[in-house]
Number of protein chains: 2
Amino acid sequence: MSVAIENFVKAIYKNGKRDHNDTKPGNIAKELGISNAAATDMAKKLATKNLLHYEKYQELKLTNKGTKMALNVVRKHRLWEALLFKLFDMSLHDIHREAELLEHQTSDLLANKISEYLGNPKFDPHGDPIPNASGEITTIDTSIPLSNTEEGKTYTISRLMSDDKEFFDFCAQNGLKYGNSVLISKQFSKNKMTQILINNNTILLNEDFTSIIYVNEQN
Amino acid sequence: MSVAIENFVKAIYKNGKRDHNDTKPGNIAKELGISNAAATDMAKKLATKNLLHYEKYQELKLTNKGTKMALNVVRKHRLWEALLFKLFDMSLHDIHREAELLEHQTSDLLANKISEYLGNPKFDPHGDPIPNASGEITTIDTSIPLSNTEEGKTYTISRLMSDDKEFFDFCAQNGLKYGNSVLISKQFSKNKMTQILINNNTILLNEDFTSIIYVNEQN
DNA sequence: AAAAATTTTTAAGCTTACTTAAAAATAGTT
DNA sequence: AACTATTTTTAAGTAAGCTTAAAAATTTTT
C-alpha cells in the first residue's frame with residue numbers, strides 16, 4: 001500500500017475522531033492538501049480495496065481493515081515521535097515532521113523494536129496514545145480540554161493535540177509540556193479565555209489553545 | 001528530488017566505486033531492478049538536471065552535484081545502520097533493509113542529530129565509511145580483501161561489503177564481525193580458497209567471500 | 001573482418017496520484 | 001419554498017516512473 005493510501009486512511013481516522021466528525025471528501029482533501037476531486041477519486045478506489053465504505057455525497061467510513069491500517073500508521077508515527085524525543089534534542093514540531101515521513105517506511109518488525117526499546121510506552125511526547133502491535137488503544141482517556149476546566153483546580157497536562165509549529169513554540173516557551181501541572185486561575189466565560197498558572201507564571205490562553213490542550217484533574 | 005532519483009545516483013556512485021566500474025544503463029538497471037529502457041530514460045532526464053553526464057552508449061558519469069547527492073544518501077543510509085545497530089538487536093541484513101527505506105525520508109537536520117548522538121562515527125557496522133555533512137569521506141581506507149592476505153599473518157576485519165542475507169547469516173554464525181581478528185592459516189592459490197582461524201575455529205572461505213571481506217594488517 | 005550476441009536506444013503504452021473545469025447534488029439563507 | 005452558495009462528482013488531462021517490443025549500435029566470438 002502506497003504512502004498516499006496510508007495518509008488517506010490516516011486522515012479519515014483522525015477526522016473521524018474529532019468533535020464535528022467530518023470525513024467527507026472535501027475535509028480529507030483539506031487535511032491532505034489535495035483537490036476535492038482527487039479525494040473523491042481516491043475514496044472510490046479505496047472502497048474497491050475494502051478499506052472504506054463509499055456512498056456518493058456521504059461521509060467516508062473506514063472498514064475494519066481500513067481502521068487497522070490507519071492505526072498501524074498512527075502507531076509507527078507515535079513510536080518515532082517517542083524515540084526521536086528521547087534520543088535527540090529537537091522541537092516537537094520538527095519531530096512531528098520527521099515522523100510524518102518515517103512512519104511510511106517502517107516495517108512492523110522495526111516498529112516493535114522501537115516499542116521494546118522504549119519499554120512499550122503507552123503515550124507519545126504529545127500525550128497521544130500509542131496503539132499496540134494489534135492496532136488497539138488500551139488506555140482509557142479521561143482527559144478534557146483546558147476550556148472545560150474549573151477555576152481554582154489543578155490539572156496535569158495530558159495531551160497537546162496539534163501539529164502546528166507556532167503552537168509548539170509557544171508551549172515550549174511557557175512550560176506547557178506533557179506531564180506538567182497547571183492551576184486554573186480564572187475562566188472568562190464571555191470571551192472564552194482561560195488564565196492559568198504554570199511554573200509560577202500566569203498566562204492567558206484563548207480558545208484556539210484551550211481546545212487543543214488536554215488535561216487530567218489532579219486528586 | 002524523488003526516491004527514484006536518489007536511488008539512481010546512488011547506484012551510479014556505488015557501481016563507479018567497484019573494480020570493473022560499469023555504469024552503463026544496463027548495469028544500473030540491474031542494480032535497481034528496473035528495465036534497461038527505464039534506466040536510459042532516467043539517465044537522460046538526470047542529465048538535464050545536471051546530476052550526470054550522458055552520452056549515448058557511454059558510461060554514466062556523475063557531476064559534482066550528482067556525487068554530492070549520492071554521498072548525502074549514502075551518509076544517511078550508513079548513519080541509520082549505525083543507529084539501528086546500536087539500539088536494537090537486529091541482523092545486519094534487516095538493518096540494511098530498513099536503512100534502504102529510511103535514508104530517503106531523513107532531513108539533513110535529523111541526519112546530523114543521529115551523527116551527533118553516535119559521536120560522529122566514521123564507520124557504519126559493516127565498516128563502510130560514513131561521509132560527513134559536507135559529503136566528504138575523510139578516512140583513508142588501507143584495507144585489503146581477505147583474498148590478498150598473507151599466510152600466517154593476523155588481520156582485523158574492517159569491512160563486510162555486501163547486502164546479502166545469507167552472507168550475513170554466515171558471518172554472524174562464525175564471528176566474522178567488524179573489528180574481530182582473523183589469522184590466515186593457509187592460502188590455496190589453486191582454487192582460491194582461504195583457511196582462517198577466528199574465535200578458535202578454523203573455517204574455509206571461497207573467493208565469493210574473501211573478495212568482499214576486507215581487513216587491515218595488525219602490527 | 002564478418003557474423004552472432006548483447007546492450008542501448010527509441011517508441012508506444014500503462015498506472016498512480018494528482019490537476020483544472022464544468023456539471024450535478026447538497027446545504028444554507030432569505 | 002426558492003434562490004444562492006458550497007460541496008461533490010464527473011470528465012479530461014498531466015507528470016513520474018515504470019513496462020514491453022522493436023530498431024540501432026556496440027561488443028564479442030569465430
Side-chain angles (χ1 to χ4, degrees), chain A residues 1-16 18-62 66 69-70 73 100-101 103-105, chain B residues 1-13 15-16 18-62 65-66 69-70 73 100-101 103-105:
Chain A
M1 295 293 173
S2 68
V3 173
I5 293 177
E6 288 189 350
N7 279 330
F8 201 85
V9 295
K10 193 178 87 171
I12 297 173
Y13 176 79
K14 283 176 112 182
N15 274 22
R18 280 211 260 277
D19 280 0
H20 288 297
N21 155 17
D22 195 347
T23 59
K24 285 187 181 169
N27 276 61
I28 305 304
K30 202 175 289 172
E31 176 91 19
L32 297 173
I34 62 177
S35 69
N36 288 7
T40 300
D41 272 5
M42 184 60 101
K44 282 188 194 169
K45 184 174 134 187
L46 297 196
T48 72
K49 290 189 194 282
N50 266 306
L51 289 168
L52 52 82
H53 299 293
Y54 173 73
E55 275 186 275
K56 274 192 183 183
Y57 304 105
Q58 303 305 306
E59 310 258 326
L60 304 176
K61 285 184 186 134
L62 292 177
M69 177 184 281
V73 177
E100 204 70 8
L101 299 176
E103 65 186 14
H104 306 291
Q105 310 299 335
Chain B
M1 293 294 173
S2 68
V3 172
I5 292 177
E6 287 188 350
N7 279 331
F8 201 86
V9 296
K10 193 178 88 170
I12 297 173
Y13 177 80
N15 274 23
R18 280 212 259 276
D19 280 1
H20 288 297
N21 157 14
D22 196 346
T23 58
K24 284 185 182 170
N27 275 61
I28 304 304
K30 203 175 289 169
E31 176 92 18
L32 297 174
I34 60 177
S35 69
N36 289 7
T40 300
D41 273 3
M42 184 61 101
K44 282 188 195 168
K45 184 174 134 186
L46 296 196
T48 71
K49 290 188 194 283
N50 266 305
L51 290 168
L52 53 81
H53 298 293
Y54 174 73
E55 275 186 275
K56 274 191 184 186
Y57 304 106
Q58 303 304 307
E59 310 258 325
L60 303 177
K61 285 184 187 136
L62 291 178
K65 188 179 164 194
M69 178 183 281
V73 178
E100 205 69 8
L101 299 176
E103 65 187 13
H104 305 292
Q105 309 299 335

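Order of the sequence lines fixes the chain letters, A, B, ..., with proteins taken first and strands second; residue numbering starts at 1 for each chain.
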**Message:** Any side-chain N or O of B/Y54 below 4.0 angstrom from OP1/OP2 of C/dT9?
**Reply:** yes
**Item:** Taking every non-hydrogen atom, the tightest pair across B/A43 and B/F8
**Value:** N-CZ, 4.0 Å
**Message:** Quick test of your reading: applying side-chain hydrogen bond (donor to acceptor under 3.5 Å, both in side chains), list the pairs with at least one residue in residues 29-47 of chain B, sequence neighbours left out, ordered by first then second residue.
**Reply:** B/R18-B/E31
**Request:** May I ask you to evaluate whether A/Y57 reaches the phosphate of D/dT10, defined as a side-chain N or O under 4.0 Å from OP1 or OP2?
**Result:** no
**Asked** Which letter, B, S or -, goes with each nucleotide of nucleotides 11-18 of chain C from 5' to 3', with contact meaning a protein heavy atom under 4.0 Å?
**Response** B----SSB
**Request:** Any chance you could measure A/E6, atom CD, to A/H104, atom NE2, to the nearest 0.5 Å?
**Result:** 6.0 Å
**Asked** Taking only side-chain nitrogens and oxygens of B/N36, does any of them come within less than 4.0 Å of OP1 or OP2 of C/dT7?
**Response** no
**Asked** What's the spacing between A/T23 OG1 and A/L62 CG if we round to 0.5 Å?
**Response** 8.0 Å
Under 3.5 Å between N/O atoms: give me all the protein pairs with nucleotides 1-3 of chain C, atom names plus distance.
none

**Message:** Does C/dT9 have its OP1 or OP2 closer than 4.0 Å to a side-chain nitrogen or oxygen of B/K44?
**Reply:** no
**Request:** Please lay out, stage by stage, how A/I5 and A/M69 fare under the test side chain to side chain contact (heavy atoms under 4.5 Å, CB included).
**Result:** CA-CA 10 Å; A/I5 293 177; A/M69 177 184 281; 4.1 Å; yes
**Asked** Any side-chain N or O of B/K24 less than 4.0 Å from the OP1 or OP2 oxygen of D/dT26?
**Response** no
**Request:** Heavy atoms only: give me the nearest B/M42-B/A4 pair and the separation to one decimal.
**Result:** CE-CB, 3.8 Å
